[in-house]
Amino acid sequence: MKITYILGLFLCLFVSSIHAQKSSDYFKKIQKSYLNTQEPLVMIAAHRGAHLEEPENSIAALKKTMELGVDIMELDVRFTKDRKMVLMHDKKVDRTTNAKGLVSDFTFEEIRKLRLKHLEQVTNEQIPTLEEAFQMAKGKILIDLDIKDDATLDSIIVLVNRMKMEKNCFFFVYEPEEVLMLQKKNKNFQIMIRTESEEAVKKLVASGAKPQAVHIDPSHYSPEVVKAIKQIPARVWINALGAVDFKGAQQPAAFEEVLKYGANMIQTDQPGKLKEYLKSQGKYR
């Protein structure tokens, strides 16, 4: 009996070791892709995690995102009343939990008593902390830090440094000056900047800032803009959220609307559908 137990334990440890190695190898590929701006392969970002199947910004959504085998989970960070960093998109908890009120009016102890909703049904999922998400994601998937409250930035920087997450996440900012400031604080920080016009792209290029990714909108999605961004060099991020995702869920070729000029990072509410389509086109590993 004892020998059987030991053999069983050894087998479990062996299988776990193999799984961990595969996970580590896959994450190294994600990291390499993120920095390879000219790569023809497209990276997939799950908007608020795989939230069509699990509550958005939840640990369950993060787990599901990793199970799907995509590259990035986008998440949103806010402060509680006592300045604990939690994941929540809205200023209020009304839409996504079984309570009402501002996130900033709840203490951490109070907010942990709430339960997240999915498809209007209350689940057992709690509102997670950013640290919990980091612990789950480390060495497995990239995290896009959508900072909903500027007051959280210094605390996020401290946590990223303490947990050595510099290569496991990237900051989402809006101005070239923020890119320069963050990289001055830590040269290993990874950053994506949002641009809302072709002029904003020109301003970014002129600034000398070197983000690893640039978020563009359909309004200025053109071959010229894509070329300018890739010469920074940076990856080109565009959203499929909304109409493209809706059509793509029914007819996958609709995703070509966000792929047509060479964008190579796509944020979507349909990560599984997009991955399936990209693989069929030889555009995903």
Side-chain angles (χ1 to χ4, degrees), residues 19-20 22-34 41-78 85-90 96 116-119 123-148 156 159-160 163 165 167-172 190 192 212-213 215 235 237-242 244-246 248-249 252 255 258 264-279 283-285:
H19 179 74
K22 286 183 177 179
S23 178
S24 175
D25 290 345
Y26 187 76
F27 183 65
K28 287 176 182 176
K29 291 179 181 178
I30 292 175
Q31 288 179 307
K32 185 177 179 180
S33 285
Y34 183 62
L41 301 180
V42 177
M43 300 185 77
I44 299 173
H47 182 228
R48 304 180 200 168
H51 69 268
L52 296 183
E53 298 169 74
E54 301 290 351
E56 67 179 60
N57 278 307
S58 68
I59 293 298
L62 176 53
K63 287 179 180 177
K64 188 64 181 178
T65 303
M66 291 189 292
E67 287 173 12
L68 285 171
V70 297
D71 308 281
I72 304 158
M73 174 171 169
E74 181 262 357
L75 51 76
D76 307 286
V77 187
R78 291 189 182 277
M85 291 183 290
V86 295
L87 306 190
M88 181 65 59
H89 177 271
D90 301 355
T96 56
L116 291 167
K117 293 192 295 187
H118 183 243
L119 302 178
T123 72
N124 289 323
E125 288 290 311
Q126 294 176 302
I127 297 172
T129 64
L130 178 59
E131 183 167 356
E132 288 169 337
F134 276 180
Q135 288 169 344
M136 180 67 65
K138 191 168 186 177
K140 298 172 184 173
I141 192 171
L142 278 174
I143 294 293
D144 167 23
L145 293 166
D146 194 342
I147 303 164
K148 293 302 182 186
I156 292 172
L159 184 63
V160 170
M163 294 188 68
M165 290 289 287
K167 299 300 182 183
N168 220 135
C169 66
F170 55 93
F171 294 82
F172 181 22
Q190 301 182 144
M192 177 170 75
Q212 287 77 30
H215 184 312
R235 274 189 171 261
W237 169 301
I238 194 168
N239 290 340
L241 310 177
V244 175
D245 268 344
F246 179 78
F255 287 119
V258 290
N264 52 13
M265 297 180 86
I266 309 298
Q267 179 173 231
T268 177
D269 286 327
Q270 297 282 352
K273 294 283 188 182
L274 177 56
K275 180 180 177 181
E276 184 179 326
Y277 178 69
L278 290 174
K279 286 181 78 72
K283 294 181 179 179
Y284 200 79
R285 59 181 164 276

### Query
Between CG of Leu142 and CD of Glu74, what distance do you get to the nearest 0.5 Å?
13.0 Å
### Heavy atoms of other groups near Gln135 CD, more than 12 under 6.0 Å
yes
### Query
Is there a side-chain contact between Leu130 and Leu75 (heavy atoms, below 4.5 Å)?
yes
### Query
Could you state the interatomic distance from CE (Met73) to SG (Cys169), rounded to the nearest 0.5 Å?
13.5 Å
#### Entry: Residues in side chain to side chain donor-acceptor pair (under 3.5 Å) contact with Arg78, at least two apart in sequence or another chain
none
### Query
Any idea which heavy atoms bring Ser58 and Ala61 closest together, and the distance?
OG-N, 2.9 Å
### Task
Flag the pair Lys64 and Glu54 as a salt bridge only when some basic side-chain nitrogen lies within less than 4.0 angstrom of an acidic carboxylate oxygen.
no
### Query
Do other residues, nucleotides or ligands put more than 12 heavy atoms under 6.0 Å from Lys275 NZ?
yes
### Message
Using side-chain heavy atoms (C-beta onward) and a distance below 4.5 Å, is Leu241 in contact with His47?
### Response
yes
### Task
Would you give the length of the straight line joining atom CE of Met85 to atom CG of Leu159, rounded to the nearest 0.5 angstrom?
4.5 Å
### Task
For Tyr34, check side chain to side chain donor-acceptor pair (under 3.5 Å) against everything at least two apart and list the hits.
none
#### Entry: Atom of Pro128, atom of Ile59 and distance for their closest heavy-atom approach
CB-CG1, 3.7 Å
### ring pair (Phe, Tyr, Trp, His ring centres under 6.0 Å) involving Phe134 - partner list, sequence neighbours excluded
none
### Closest non-hydrogen atom pair between Val258 and Asn239, with its separation
CG1-O, 3.5 Å
### Message
Which residue in the set Ile44, Thr65, Leu41, Val42 passes side chain to side chain contact (heavy atoms under 4.5 Å, CB included) when paired with Asp71?
### Response
Ile44
### Query
Is there a donor-acceptor pair under 3.5 Å between the side chain of Thr123 and the backbone N or O of Leu116?
yes
### Task
Fit a plane to each ring of Phe255 and Tyr277, take the angle between them on a 0 to 90° scale, and name the class: parallel (under 30°), tilted (30 to 60°) or perpendicular (over 60°).
tilted
### Matching residue for Arg235 among Gln212, His215, Met265 - test: side chain to side chain contact (heavy atoms under 4.5 Å, CB included)
Met265
### Query
If you round to the nearest 0.5 Å, how far is CG of Leu87 from NZ of Lys148?
12.5 Å
### Task
Not counting sequence neighbours, which residues clear salt bridge (Lys or Arg N to Asp or Glu O under 4.0 Å) with Asp269? List them please.
none
#### Entry: Spacing of CG belonging to Asp144 relative to CG belonging to Asp76, to within rounding of 0.5 Å
8.5 Å
### Message
Donor-acceptor check, side chain of Gln31 to backbone of Lys167, threshold 3.5 angstrom: yes or no?
### Response
yes
### Message
Taking Ile141's backbone N and O only, do any of them form a donor-acceptor pair with Asn168's side chain (distance below 3.5 Å, no angle check)?
### Response
yes
#### Entry: Heavy-atom pair with the smallest gap, counting every atom of Ala249 and Gln270
CB-NE2, 3.6 Å
### Message
Going by side chain to side chain donor-acceptor pair (under 3.5 Å), name the residues that satisfy it together with His118, two or more places apart in sequence or in a different chain.
### Response
none
### Message
Using modelled atom types and a 3.5 Å cut-off, is there a donor and acceptor pairing between side-chain atoms of Lys140 and backbone atoms of Met66?
### Response
no
### Query
What distance do Phe170 atom CZ and Asp146 atom CG have between them, rounded to the nearest 0.5 Å?
10.0 Å
### Query
Under 3.5 Å, side chain of Tyr26 to main-chain N/O of Gly69, donor-acceptor pair present?
yes
### Message
Which residues pass the side chain to side chain donor-acceptor pair (under 3.5 Å) test with Lys117, not counting sequence neighbours?
### Response
none
### Task
Indicate yes or no: at least one non-hydrogen side-chain atom of Thr268 is less than 4.5 angstrom from one of Pro271.
yes
### Task
Examine distances only and state if a side-chain atom of Lys29 and a backbone atom of Arg285 form a donor-acceptor pair shorter than 3.5 Å.
no
